[in-house]
Each structure stands twice: as structure tokens, then as C-alpha cells.
Amino acid sequence: MHKKIEKILSLVKKSRSFQINLNNKMLKKNFYVPIHLALGHEFVSSLVKVFFKKNDILILSHRNIHFTSIFSKKPEAYYSNFFKKKNVYKYSGSMNYFDPKCKEISYSSSILGNNFSIACGFGFKAKKRKNIVICNAGDGAIEEGTFYESIMLSKSLKLPIAYLIEDNDWSMSTKKSERRCKLNMKYLGKSLNVRYYFFPLKDIKKNISKYEEAIKYCREKNEPIILEFEVNTLGKVLDKVSGKVNKYHHGKISIEDGLLNNNDIFKTLNK
């Protein structure tokens with residue numbers, strides 16, 4: 001376990017450092033387009049990386065920098081393509097990051113909830129190879145109908161898909177309580193006889209062994225699973241129209257806005 005923690009911490013630092021460096025360049029207005037950061041989400045992507053096997057498949061959402069900064073060999077080279085307007089569409093834009101040399105990332109979507117159904121298609125390929133699909137999305141995407149439909153389809157067809165949901169309680173500039181009723185993911189999974197795992201923010205070390213157990217089940221049983229991670233997105237943005245401070249952001253965060261706090265991964269893993 002100690003070696004796994006060291007590896008995860010190393011990957012977290014790598015992604016955090018990359019994002020802060022990118023953010024500093026955005027503050028200087030070096031990029032033509034905004035880039036969605038994932039400061040505070042790095043534990044999730046690092047955990048996936050540590051237990052990732054050859055021929056496993058990653059299906060990502062628009063907030064994917066914590067994955068691309070770890071899985072891509074030279075993420076700096078691809079993000080630098082967003083410096084100039086003429087290069088943006090060639091490389092799919094900042095939200096739909098594409099690295100043709102990164103075999104692990106098969107798809108990233110800038111359309112909310114679009115990647116769930118795409119994951120089902122890749123599920124057939126993974127099942128044939130005796131591998132799994134990791135489909136990553138946020139708490140806003142699960143409000144789309146395709147989330148329920150994809151879980152039901154993957155359960156019916158016995159597809160090895162891990163639906164990895166990052167819940168930071170924000171979607172755009174609203175909290176969950178401001179936009180919808182409460183959703184109990186455990187009961188949702190139970191209604192379809194799909195295993196559900198919850199990963200609390202404060203139980204990071206326990207989450208490592210729990211994730212290992214969940215992924216093992218997905219591999220061996222060819223069954224979909226739901227993984228819900230509680231995450232704390234670092235940084236904040238002031239909405240100049242409403243005057244409201246939002247947790248959601250897409251870059252341009254100052255150090256004063258809080259890149260580190262008491263719930264941060266570094267302090268938790270180093271205890």
C-alpha cells in the first residue's frame with residue numbers, strides 16, 4: 001500500500017504542477033481559448049493510472065486535464081497548440097483534448113453526457129480483449145438521460161464499464177441543490193442490480209483499496225459498476241454579473257483564490 005500511495009502522490013504532484021503552470025500562462029493571456037482546469041481532482045486520475053492495464057480504455061468528459069496531464073507523454077506540446085486561433089480546431093479545442101499518440105485515451109467529449117453512450121460502444125471492444133472501460137464524467141452529466149440508458153444497456157449486455165463520476169457539487173455556476181432534486185446513486189445502481197461504490201473525500205487511503213476491489217470485480221465479472229468520487233475543486237471565480245462566487249472555473253485562478261486548503265490531497269496522503 002505504501003508504494004501505491006507514493007506513486008499516486010507523485011502523479012498528483014505532476015498533474016497539479018502542470019495545471020498551475022498552465023494557469024499562470026492563462027493569467028498572462030497566452031491562450032486563445034479557456035482551458036477547463038481540474039485542480040483538486042488529481043487523486044481520481046492518479047488512482048486510475050496506478051491500476052490501469054494495457055488495452056484498458058479511457059473515455060473522458062470535457063474536464064479532462066487531470067487525466068491528459070498524466071496519461072499523455074507530452075501534454076505541454078498539445079496544450080501549446082491552443083496559443084493561436086488557427087490551431088484550435090485542428091486539435092479539437094481545449095475541452096475536447098486529443099493526443100493521437102496517447103493510446104489509453106480513446107475519446108473525450110465536449111458534449112455533456114455524450115461519452116456515456118460512446119463508452120458502451122467501446123465496451124464491446126474491451127470485453128473481447130478482457131479489459132475494461134473507464135468512463136469519466138461529472139455530477140452535472142448524470143442528469144442527462146443517456147447516463148441511465150447507458151448503465152441499463154451495459155448491464156443488459158454485460159459490458160465491463162466503470163462509470164466514474166466526480167461530484168464537486170457544481171455544474172457551471174450552480175450547486176446541485178439549486179438545479180435539481182437529490183439523487184441517490186446507490187439506489188439508482190440497486191434498481192439495475194449494478195454495484196455502486198462511494199469514495200468520500202476524507203477517506204483517501206481507504207479509497208485506494210476500495211477502488212482496487214471495484215476494478216477487480218468489473219474485470220472478472222464483465223459487469224458495469226458505478227464509482228462516485230467526492231471531490232473538492234480548488235479555486236473560485238467571481239461572476240461579474242451576479243456578484244456570486246462560483247467553485248466552477250475554467251482557468252485564470254490566482255493563488256489567493258485557494259489552490260491549497262485543509263481538504264487537499266497532499267495534506268491527506270502525507271499524514
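For the numbers below, each heavy atom of this structure counts, side chains included, while hydrogens, waters and symmetry mates do not.
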- Message: salt bridge (charged side-chain N to carboxylate O under 4.0 Å, His left out), that's the test. Do Lys155 and Glu223 meet it? Break it down for me.
- Response: CA-CA 6 Å; Lys155 175 64 179 180; Glu223 288 277 344; 2.7 Å; yes
- Check the pair Lys221 / Arg195 against side-chain contact (heavy atoms from CB on, under 4.5 Å), numbers first and verdict last. CA-CA 11 Å; Lys221 302 296 183 180; Arg195 286 202 179 189; over 6 Å; no
- Report the C-alpha distance between Val133 and Tyr107 in whole Å, list the side-chain angles of each, state the deciding distance to 0.1 Å, and finish with yes or no for side-chain contact (heavy atoms from CB on, under 4.5 Å). CA-CA 11 Å; Val133 174; Tyr107 184 82; over 6 Å; no
- Task: Mind running side-chain contact (heavy atoms from CB on, under 4.5 Å) on Phe52 and Leu58 for me, showing each step along the way?
- Result: CA-CA 9 Å; Phe52 203 82; Leu58 261 179; 3.8 Å; yes
- Kindly determine whether Leu22 and Ile35 satisfy side-chain contact (heavy atoms from CB on, under 4.5 Å), including the steps that lead there. CA-CA 9 Å; Leu22 212 63; Ile35 296 173; 3.9 Å; yes
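Here Ile226 contributes atom CD1 and Lys186 contributes atom NZ; the two are 12.5 Å apart, rounded to the nearest 0.5 Å. Interatomic distance, Ile142 CD1 to Leu188 CG, rounded to the nearest 0.5 Å: 8.0 Å. Taking CD1 of Ile105 as the start and CG of Asn64 as the end, the distance is 7.0 Å to the nearest 0.5 Å. The CG atom of Leu164 sits 10.0 Å away from the CG atom of Leu60 when rounded to the nearest 0.5 Å. The CD atom of Glu228 lies 11.0 Å from the CD atom of Glu166; values are rounded to the nearest 0.5 Å. Residue Phe198 holds its CZ atom at 4.5 Å from CD of Glu230, rounded to the nearest 0.5 Å.
Side-chain atoms of Tyr196 and Asn184 form no donor-acceptor pair, as typed in the model, at a separation below 3.5 Å. With no hydrogens or angles considered, no side-chain donor-acceptor pair links Tyr78 and Thr68 at under 3.5 Å.
Remark: the backbone N or O of Pro200 is paired with a side-chain donor or acceptor of Asn207 at under 3.5 angstrom. In this structure, the side chain of Ser150 engages the main chain of Thr146 through a donor-acceptor pair within 3.5 Å. Proximity of a side-chain donor or acceptor of Ser109 to a complementary backbone N or O of Ser61 within less than 3.5 Å is not detected. The closest donor-acceptor contact from the side chain of Glu42 to the backbone of Gly40 lies under 3.5 Å. Within the 3.5 Å criterion, the main-chain N or O of Asn168 finds a donor-acceptor partner in the side chain of Asp139. At least one donor-acceptor pair closer than 3.5 Å links the side chain of Arg63 to the backbone N or O of Leu37. For the pair Ser209 (side chain) and Lys206 (backbone), a donor-acceptor distance under 3.5 Å is present. When atom types are taken as modelled, the side chain of Lys4 and the backbone of Val50 share no donor-acceptor pair closer than 3.5 angstrom. Looking at Asn115, its side chain never comes within 3.5 Å of a backbone N or O of Ile118 through a donor-acceptor pair.
Scored by the ring pair (Phe, Tyr, Trp, His ring centres under 6.0 Å) test, Phe199 finds Phe229 as partners (sequence neighbours excluded). Every side-chain hydrogen bond (donor to acceptor under 3.5 Å, both in side chains) that Ser15 has, sequence neighbours left out, goes to Gln19, Ser69.
A pairwise comparison of heavy atoms in Cys218 and Pro160 identifies SG-C, 3.6 Å as the closest pair. The two residues Tyr163 and Ser154 have their closest heavy-atom pair at OH-OG, 3.0 Å. Residues Leu112 and Gly140 approach most closely at CD2-O, 4.0 Å, considering heavy atoms. Phe51 and Arg219 make their closest contact through O-NH2, 3.1 Å (heavy atoms, listed as atom of the first residue, atom of the second, distance). Pairing each heavy atom of Ala38 with each of Ile65, the nearest pair is N-CG2, 3.5 Å.
Remark: aromatic rings of Tyr197 and Tyr211 are distant, center separation not under 6.0 Å.
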Donor-acceptor contacts under 3.5 Å from residues 120-132 side chains, at least two apart:
residue : atom : partner : partner atom : Å
Lys127  : NZ   : Leu157  : O            : 3.2
Lys127  : NZ   : Lys158  : O            : 3.2
Arg129  : NH1  : Asn55   : OD1          : 3.3
Asn131  : ND2  : Lys54   : O            : 2.8
Asn131  : ND2  : Asp56   : OD1          : 3.1

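If you chain together hydrophobic residues whose side chains sit under 4.5 Å apart, Tyr148 and Ile165 fall into the same group.
The aromatic rings of Phe116 and Phe147 are tilted relative to each other, their planes meeting at an angle between 30° and 60°.
At a threshold of 4.5 Å between non-hydrogen side-chain atoms, the residues Glu76 and Phe18 count as touching. Contact annotation: the side chain of Ile70 approaches that of Ser46 to within less than 4.5 Å [non-hydrogen atoms, C-beta and beyond]. Within the 4.5 Å cutoff, the side chain of Ile208 has heavy atoms near those of the Ile8 side chain.
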